Amino acid sequence: MKYMFNEIEPKWQKIWEETGAHKTVDDPAADRSKNYYCLDMFPYPSGEGLHVGHWRGYVLSDVWSRYMKMKGYNILHPMGWDAFGLPAENAAIKKGLHPKENIGRSIANMKRQLHDIGAMYDWDREINTSSPEYYKYTQWMFLKFMERGLAYRKEAPINWCTSCKTGLANEEVVDGVCERCGSEVVKKMLPQWFFKITDYAERLLDDLEGLDWPERVRLMQANWIGKSKGAEVIFKIKGHPDELKIFTTRPDTLFGATYMVLAPEHPLVEKITAPECREAVMEYIDNTLKTSDLARMASEREKTGAKTGAYAINPVNGEEIPIWISDYVLITYGTGAIMAVPAHDTRDFEFAQKFGIPIIEVIKPPENCETEECYAGEGTMINSGKYNGMSSSDFWKEIVKDLGSRGLAEEKVNFRIHDWLVSRQRYWGAPVPMVHCEKCGIVPVPESDLPVMLPHVDRYQPTGTGESPLAAIPEFVNTTCPVCGEKARRDTDTISQWICSSWYYLRYVSPEYDEGPADKEAVRRWLPVDQYVGGVEHAVLHLLYSRFFTKVLYDMGYVNFKEPFTRLFNQGMIYRMGSKMAKSKGNIVNPDELVSKYGRDSLRAYELFIGPPEQDSEWDDRGIEGVYRWLRRVYLFFMQNNFPKNIDEPLLVRGLLHRYIKKITDDIERFHFNTVVSGLMELFNGLQELYDKEPGCISHKSAEGYILLMAPVAPHLAEELWNKVGHDTSVFKARWPEYDPELLAQENITVVVQVNGKLKARLSVPSGSSEEEIKAMALNDENIRPVLDGKDIRRVIYIPGKLVNIVL
RNA sequence: GCGGAAGUGGCGGAAUUGGCAGACGCGCUAGAUUCAGGAUCUAGUGGGCUAAGCCCAUUGGGGGUUCGAGUCCCCCCUUCCGCACCA
């Protein structure tokens, strides 16, 4: 008899399909607590297909979904395609195919691969963000954001990817290069659409608190939002009507300000620069503009700068202090200008040293504190006039209040996050549903006219002009104004795919619904997502945007929850030959080959067994052999033996089973899927050993127990065996087994005996034994007595059910 | 520089609370089977010895707490990840 996984697996997949086994049970009367929504981050269709790294997350979310199904929940476990936008379009261009055609092919291939996983996806709910039925509501979202004053168009210096030839959001620029293609990102002035994510910065930060998410992701989002509390302070400029407003988190160091710095791009630079400094300032600005953002951000750089020849007046003491420009001050943060306190800020310290600017200490560190040349902590005020002796933290409040009363300062919270650039100068996306009318300005397309269809074109390549390819299609561009009816032009930008994916989780609950993005009743039954599974690379992209969208939808009254994903799990990546799998590195492991060689269940089990699911793991080509052998042996064992219903099963067998029901259940609950698999192996090894000693000793009930436990991991084989032991319905209609605590209590337990902390003996004792009995047994044990011979026993430590330690 | 995670056999890794270190698997060694290879099965797989037993070492390094530390505390080293002139 052979383990014919290639017959078993397709057979059960066919049966699942025919019986609608994976169709979501959506009972309108069902209580929310009976429904469970487990979502995978959906992929973009690439044509290269999935590799074993992609499988990992899908397998573990499927194991979890199947387990929850066996626990009695109605499961929503959908899949779809992030088919609009840069990733999908770039993939198509690379292949020289029209995006629509390429995406169709890629989806077919990836869907075949996803079927191989044997996941319980409900394909009736499949969504595709590039279908008009879907993007109609992406555009609807855009209109709603517009209505609420959260969308605006503005000419601004934006991030422009030189290779993708489009504007990018800040979140898409990583280390100065495009997150997608790795090409250089430059600044370009262009009118662009933005969403006011900054209005939600505070809430996005505050609500991180209650999320059952990996610490790492919450931290990354908190850093990205970057809240800092400080004050804005106004400095007058000597001999000049303009005022200089700066942001500082350290108003307590105002007396130590010995110079000011403006970002080179600051609008005041032009006005205040003295004639004799003009040449040097202009040259400096020129150089700054030539320096890439990437180079400018390198923190190890030596400080540079130029004097403007102008002076500011320190509002606390009337001192005149010189105004400099330097690229270490960023125009994009705060007011683009700072007061510099070299005594208490390392950056200012460096700058002051280089340019010979005075350094005045105003905060004395506490006594016991090791003094450095530049102390940035709290302390006692010195050199601060009448405030000397005050604690710096009290003075902080005091001086803001004092200056505030003269209109020169106010407390202010600053965020690092900026508004979200959402328009793309690319073809493959949902057109921005706006019309430009000479008379009426920017006018939204009426909801009833949605979707604004993306026209089919032959030339879809990006233009690089700052306009999308849509601008070259008169039939698309020319329209009439929805307000006045005069001739008007459509907006030709497309919507970033991050918007498509910001609300997709909502669509799955009612994918056919056509009176809005989702049926509110279905939303109430299924949302928010109970468990979300995906890679950590979306920490400050998709996950942040989705949260923002959800809060806006909540404010609109469209959804009744403030956070979309209650629980998040980030699976680790799979490496091979020391690096992340990528076609360019030639280290891809193709699941298709493994499926045909070892079968779907083996690959599923190995994806879990490879290591802790949240950690990165190195792929071992031979590792899958081990799980394959296990499944093969399980198959042969169950097929070649019979498990009678009415036998007097030894306690050893049942005790073993129940111990592992507990262990495996606990491990699944903790997402320790690697030890779920090793636990299943251990249990099988144990059962087989007992069976070898006493053939026929395993009851029908216990055999079923094993099949149930392995079902989430190896669903095809479990169905086959479930059928073999006499069931004609799916194993996933059965309930997850529960362990019997009393049975565990009846087992003998092993108590370890140590002498001075070193293992000397093991006792097998009935679990009900008393402390006295066990201690006595330990002291009288034949391995222990000789060791104790003639020595004084100082102490005997007993840990119930575990160990006796005899201290000499 | 700041923040986070991690460091355990030849390899992947296990060890909820401080209580048998190395489960499970890969690989390797020997044997069985086989014409042979592969596959499969059985046994072994930290070191030492006067070798069925006993002893010793051992969780990146050093110190500490404890009857007892991979696990807790302090110092140091290494790797990975995130942030990085954000005032």
Side-chain angles (χ1 to χ4, degrees), chain A residues 2 174-175 214-224 226-228 230 246-251 253 261 263 296-301 303 326-330 332-341 344-348 350-351 376 414-418 536 539-540 572-573 575 605-606 609-612 614-630 632-633 636 663 666-667 669-670 672 674-685 750-762 794-808:
Chain A
K2 281 181 78 178
V174 178
D175 293 333
E215 183 60 31
R216 178 166 59 142
V217 176
R218 291 189 300 164
L219 207 75
M220 281 164 76
Q221 291 210 355
N223 285 341
W224 186 261
K227 179 179 179 174
S228 62
I246 59 108
F247 174 74
T248 180
T249 54
R250 296 299 302 273
T253 62
V261 188
R296 192 172 159 180
M297 281 186 321
S299 56
E300 304 299 308
R301 273 173 80 223
K303 295 277 179 290
S326 173
D327 64 6
Y328 84 91
V329 172
L330 307 174
T332 50
Y333 185 78
T335 61
I338 63 160
M339 66 169 192
V341 185
H344 303 291
D345 181 285
T346 52
R347 296 153 301 181
D348 300 343
E350 267 176 55
F351 191 91
N414 234 306
F415 290 97
R416 220 177 63 110
I417 192 171
H418 292 118
V536 75
V540 287
M573 278 189 299
Y575 285 74
Y606 184 59
F609 188 64
I610 190 166
E614 72 285 357
Q615 278 175 35
D616 294 342
S617 292
E618 176 78 18
W619 185 264
D620 177 355
D621 290 318
R622 287 171 303 200
I624 192 173
E625 297 267 359
V627 291
Y628 170 75
R629 285 173 198 152
W630 160 60
R632 189 182 154 276
R633 280 173 31 227
L636 295 176
K663 181 197 155 52
D666 288 352
D667 283 354
E669 293 280 349
R670 294 189 298 160
H672 285 206
N674 52 330
T675 57
V676 169
V677 176
S678 63
L680 286 166
M681 290 172 169
E682 282 169 33
L683 173 56
F684 179 71
N685 293 347
T750 302
V751 172
V752 170
V753 186
Q754 297 180 335
V755 176
N756 285 341
K758 285 192 178 152
L759 176 71
K760 293 289 173 189
R762 275 164 237 264
R794 298 214 332 246
R795 258 173 96 179
V796 178
I797 291 153
Y798 173 66
I799 305 297
K802 290 220 163 122
L803 128 169
V804 177
N805 188 14
I806 302 164
V807 186
L808 300 180

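Predicted model only: the values in this text are computed from it and were never measured. Residue numbers begin at 1 in each chain, while the letters A, B, ... track the order of the sequences.
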Pick out the pairs of N or O atoms, protein on one side and nucleotides 18-20 of chain B on the other, that lie under 3.5 Å.
from	atom 1	to	atom 2	distance (Å)
G19(B)	N2	Gln754(A)	OE1	3.4
G19(B)	N2	Asn805(A)	ND2	3.3
C20(B)	O2	Arg762(A)	NH1	2.1
C20(B)	N3	Arg762(A)	NH1	3.3

Write down the protein N/O and nucleotide N/O pairs, taken from nucleotides 7-10 of chain B, whose separation is under 3.5 Å; answer none if there are no such pairs.
none

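- Only the P atoms considered, G68(B) is 15 Å distant from G19(B), to the nearest whole Å.
- Taking atom C1' on both G47(B) and A57(B), the two are 7 Å apart, rounded to the nearest angstrom.
- Comparing C74(B) with C80(B), their C1' atoms are spaced 25 Å from each other, to the whole Å.
- For G13(B), the OP1/OP2 oxygens have no side-chain nitrogen or oxygen of Ser678(A) closer than 4.0 Å.
- Legend: residues meeting side-chain contact (heavy atoms from CB on, under 4.5 Å) with Arg632(A), ordered by chain and number and at least two apart, are Tyr3(A), Tyr628(A), Leu636(A).
- Taking a pair as Watson-Crick or G-U wobble with both distances under 3.5 Å, RNA chain B forms stems of 3 or more consecutive pairs at B:1-7 with B:77-83, B:10-12 with B:24-26, B:27-32 with B:40-45, B:46-49 with B:53-56, B:60-64 with B:72-76.
- Atoms CZ (Phe609(A)) and P (G12(B)) sit 13 Å apart, rounded to a whole Å.
- Taking atom CG on Leu683(A) and atom P on C24(B), their separation rounds to 13 Å, with Å as the unit.
- Rounded to an integer number of Å, the gap from Lys663(A) NZ to U16(B) C1' is 10 Å.
- Here, U58(B) and A69(B) have their C1' atoms 13 Å apart, quoted to the whole Å.
- For the atom pair OH (Tyr798(A)) and CG (Asn805(A)), the distance works out to 13.5 Å, reported to the nearest 0.5 Å.
- Applying the 4.0 Å criterion to OP1 and OP2 of C67(B), one finds that Arg795(A) has a side-chain N or O inside that range.
- Scanning for salt bridge (charged side-chain N to carboxylate O under 4.0 Å, His left out) contacts around Arg670(A) gives Asp667(A), with sequence neighbours left out.
- The side-chain contact (heavy atoms from CB on, under 4.5 Å) check on Arg622(A) picks up Asp620(A), with sequence neighbours excluded.
- Across all strands, Lys760(A) comes closer than 4.0 Å only to sugar-phosphate atoms, never to a base (heavy-atom distances).
- For the pair Ile610(A) and Val627(A), nearest-nucleotide mapping onto RNA chain B gives the more 5' position to Ile610(A).
- Here the OH atom belonging to Tyr328(A) is positioned 5.5 Å from the CZ atom belonging to Phe351(A), to the nearest 0.5 angstrom.
- OP1 or OP2 of G4(B) has not a single side-chain nitrogen or oxygen of Asn223(A) nearer than 4.0 Å.
- In this structure, Ile246(A) CD1 and Thr335(A) OG1 are separated by 6.5 Å, a value rounded to the nearest 0.5 Å.
- Across G64(B) and C83(B), the matching P atoms stand 41 Å from one another, rounded to whole Å.
- Atom CG of Asp345(A) and atom P of C2(B) are 15 Å apart (whole Å).
- Within the 4.5 Å cutoff, side-chain heavy atoms of His418(A) are placed close to those of Thr332(A).
- For Ile417(A), the side-chain contact (heavy atoms from CB on, under 4.5 Å) partners at least two apart in sequence or on another chain are Glu171(A), Ile197(A), Thr198(A), Ala201(A), Trp224(A), Ile225(A), Phe415(A), Leu544(A).
- Atom NE2 of His344(A) and atom OG1 of Thr253(A) lie 7.0 Å apart (nearest 0.5 Å).
- Scored by the salt bridge (charged side-chain N to carboxylate O under 4.0 Å, His left out) test, Arg629(A) finds Glu625(A) as partners (sequence neighbours excluded).
- Judged as a salt bridge (charged side-chain N to carboxylate O under 4.0 Å, His left out), and not counting sequence neighbours, Asp348(A) has no contacts.
- Under the 90° criterion around 0 for the glycosidic angle, G9(B) counts as syn.
- For the C1' atoms, the distance linking A52(B) with A43(B) amounts to 15 Å, nearest Å.
- Qualifying ring pair (Phe, Tyr, Trp, His ring centres under 6.0 Å) partners for Trp619(A), counting only residues two or more places apart in sequence or in other chains: Tyr606(A).
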Atom pairs under 3.5 Å, N or O on each side, protein against nucleotides 38-47 of chain B: can you list them with distances?
from	atom 1	to	atom 2	distance (Å)
U40(B)	OP1	Arg629(A)	NE	3.1

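- Taking the C1' atoms as reference points, C49(B) lies 33 Å from U71(B), given to the whole Å.
- Looking at residues two or more places apart in sequence or on another chain, you find a salt bridge (charged side-chain N to carboxylate O under 4.0 Å, His left out) between Glu215(A) and Arg218(A).
- Taking atom P on both nucleotides, U16(B) is separated from A32(B) by 42 Å, rounded to a whole Å.
- Mapped onto RNA chain B by nearest heavy atom, Met220(A) and Ala337(A) fall at different nucleotides, with Met220(A) at the one closer to the 5' end.
- Within the model, atoms CD1 of Ile610(A) and CD of Gln615(A) stand 11.5 Å from one another, a figure rounded to the nearest 0.5 Å.
- Between C11(B) and Arg622(A), no contact under 4.0 Å exists linking OP1 or OP2 to a side-chain N or O.
- Taken to the nearest 0.5 Å, the CZ atom of Phe609(A) stands 10.5 Å off from the CG atom of Leu680(A).
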